[in-house]
Undergrad: 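Just passing along the structure, written as structure tokens.
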Amino acid sequence: MTKVENSRRVVVIDDHAIVREAVSGTIAMQAGYELAGSAEDGESAIVLLQEQQPDIAVVDFALPDMTGLEVIERVREAGSHTRFLLLTGSHMDERERAALAAVADGFMHKEAGRDSLLAAIDAVAEAPPHRTPKRQPDADEEEGGVLKAGSLTVRERDVLREIARGHSVDTIADNLAVRVSTVRKHRENIMAKLGLNSTAQLVRAAMQIGQY
């Protein structure tokens, strides 16, 4: 891509093409910013970020292979000075917001409009460099499912989305073309990985990681 003099270089990372293209288009048309590339999953994002070293990255929280937080942590560990605006698909409580703020430079809800997006990007661009150390939970504190979502496989995310939509085990098995026993096993694995013990908690976890 052609370098624009004195512009802030931005990359967009989101697995939903319509969101990725909309955000990319907004940035490309904004004076003072240059679109430096886009990616649709975590591993591709890490490669792009290391190659481009952009000023800002707009990153979806829920990517197919890892969370946006993991992307941020991995490139920071490699010495990146990119600033990160994290997009979320859910409204979070204060503890969850604090956990995101401990890693990302800023975050906003996907339902926000164009003006809010640009304001958030400007705020991240002008904010002091992020120096907060990686959050370590207290020994007696259980991290929320939103922070553990990166441990789920793609198929477990599929099952979690179906559960969140209120589908029965039989319906999920039909929709995913797998056995009922397989769905039950995935459900057990999801609950174990996220530290959950009820369907209500599963639905909340699905909302938190944008699986609707």
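All values below were derived from every heavy atom in this structure, side-chain atoms included, with hydrogens, water molecules and symmetry-related copies excluded. Fair warning: this is a prediction, and the values are worked out from it, not measured in the lab. The residues of the chain are indexed from 1 along the displayed sequence.
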Undergrad: Could you report the tightest heavy-atom contact between Ala125 and Tyr33, atom names first, then the distance?
TA: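 Minimum heavy-atom contact is CB-OH, 4.0 Å.
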Undergrad: Going hydrophobic residue to hydrophobic residue with side-chain gaps under 4.5 angstrom, can you get from Met108 over to Ile18?
TA: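 Hydrophobic grouping puts Met108 with Ile18.
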Undergrad: Once you round to the nearest 0.5 Å, how far does CD of Glu188 lie from CZ of Arg184?
TA: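 If we round to the nearest 0.5 Å, Glu188:CD and Arg184:CZ are 9.5 Å apart.
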Undergrad: State, with a plain yes or no, whether a side-chain heavy atom of Val75 is found less than 4.5 Å away from one of Thr82.
TA: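 Not touching, per the 4.5 Å side-chain cut-off.
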Undergrad: When you group the ILVMFWY residues by side-chain heavy-atom contacts below 4.5 Å and let the links chain together, are Val180 and Ile172 in the same group?
TA: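 Same hydrophobic cluster.
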Undergrad: Ser38 side chain to Val12 main-chain N or O, any donor-acceptor pair under 3.5 Å?
TA: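 Pair absent, no side-chain N/O of Ser38 close to backbone of Val12.
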Undergrad: Answer yes or no: is there a side-chain heavy-atom contact under 4.5 Å between Ile72 and Asp105?
TA: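 In short, these two side chains do not touch, never coming nearer than 4.5 Å.
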Undergrad: Using modelled atom types and a 3.5 Å cut-off, is there a donor and acceptor pairing between side-chain atoms of Asp15 and backbone atoms of Asp41?
TA: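 Not confirmed, Asp15 side chain does not pair with Asp41 backbone.
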Undergrad: How long is the straight-line distance from CZ of Arg155 back to CD1 of Ile190, given to the nearest 0.5 Å?
TA: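 Interatomic distance, Ile190 CD1 to Arg155 CZ, rounded to 0.5 Å: 11.0 Å.
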Undergrad: Would you compute the distance between atom CG of Leu118 and atom OG1 of Thr26 and round it to the nearest 0.5 angstrom?
TA: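 The distance works out to 6.5 Å.
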Undergrad: Considering only heavy atoms from C-beta outward, does the side chain of Asp60 approach that of Ile13 to under 4.5 Å?
TA: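 Result no, sub-4.5 Å side-chain heavy-atom pair not found.
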Undergrad: Atom CD1 of Ile56 and atom CZ of Arg8: how far apart are they, to the nearest 0.5 Å?
TA: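 So the gap between those two atoms works out to 6.0 Å.
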Undergrad: Could you go through Asp14 and Val23, starting from their C-alpha distance and side-chain angles, then the distance that decides it, and tell me whether this counts as side-chain contact (heavy atoms from CB on, under 4.5 Å)?
TA: CA-CA 9 Å; Asp14 197 297; Val23 175; over 6 Å; no
Undergrad: Glu73 versus Met66: any side-chain heavy-atom pair under 4.5 Å?
TA: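 Glu73 vs Met66: side chains apart.
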Undergrad: Closest heavy-atom contact between Val154 and Pro64?
TA: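 So the minimum-distance heavy-atom pair works out to CG2-O, 3.5 Å.
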Undergrad: With rounding to the nearest 0.5 Å, note down the distance linking CG in Asp174 to OG in Ser168.
TA: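 Going from CG on Asp174 over to OG on Ser168, the span is 8.0 Å.
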Undergrad: Please give me the minimum heavy-atom distance between Gly42 and Asp65, naming the atom from each residue.
TA: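 Nearest pair, atom of Gly42 first, then Asp65: N-OD1, 2.7 Å.
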Undergrad: Is a side-chain donor or acceptor of Asp158 paired with a backbone partner of Leu176 at a separation under 3.5 angstrom?
TA: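 Judged by distance alone, no pair lies under 3.5 Å.
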Undergrad: Is a side-chain N or O of Ser44 found less than 3.5 angstrom from the main chain of Glu40, in a donor-acceptor match?
TA: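 No, the answer is negative, given that no donor and acceptor are paired below the 3.5 Å cut-off.
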Undergrad: Report yes if the side chains of Val178 and His186 come closer than 4.5 Å at any heavy-atom pair, otherwise no.
TA: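 No, too far: nothing below the 4.5 Å cut-off.
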Undergrad: Distance check, rounded to the nearest 0.5 Å: Phe61 atom CZ versus Leu86 atom CG?
TA: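 Here the rounded value is 7.0 Å.
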Undergrad: Check step by step if side-chain contact (heavy atoms from CB on, under 4.5 Å) holds for Val103 and Arg76.
TA: CA-CA 10 Å; Val103 180; Arg76 283 223 179 106; 4.3 Å; yes
Undergrad: Answer yes or no: is there a donor N or O on one side and an acceptor on the other, between the side chain of Gln53 and the main chain of Gln50, under 3.5 Å?
TA: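 It does hold such a pair.
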Undergrad: Val124 versus Phe84: any side-chain heavy-atom pair under 4.5 Å?
TA: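 SC-SC contact between Val124 and Phe84 ruled out.
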Undergrad: Tell me, do Val10 and Glu34 make a side-chain contact under 4.5 Å, heavy atoms counted?
TA: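 In short, these two side chains do not touch, never coming nearer than 4.5 Å.
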Undergrad: Looking only at non-hydrogen atoms, find the nearest pair between Ser24 and Leu35 and report the distance.
TA: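 So the minimum-distance heavy-atom pair works out to CB-CD2, 3.7 Å.
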Undergrad: Quick one, Leu49 and Arg74 - any side-chain contact, counting heavy atoms below 4.5 Å?
TA: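 Not touching, per the 4.5 Å side-chain cut-off.
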Undergrad: Linking I/L/V/M/F/W/Y whenever any side-chain heavy atoms sit under 4.5 Å apart, do Val58 and Met29 land together?
TA: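 Result: no, two separate clusters.
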Undergrad: Taking all heavy atoms of Arg20 and all of Ala39, pick out the closest pair and write down the distance.
TA: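 Smallest heavy-atom distance, with atoms named: CD-O, 3.4 Å.
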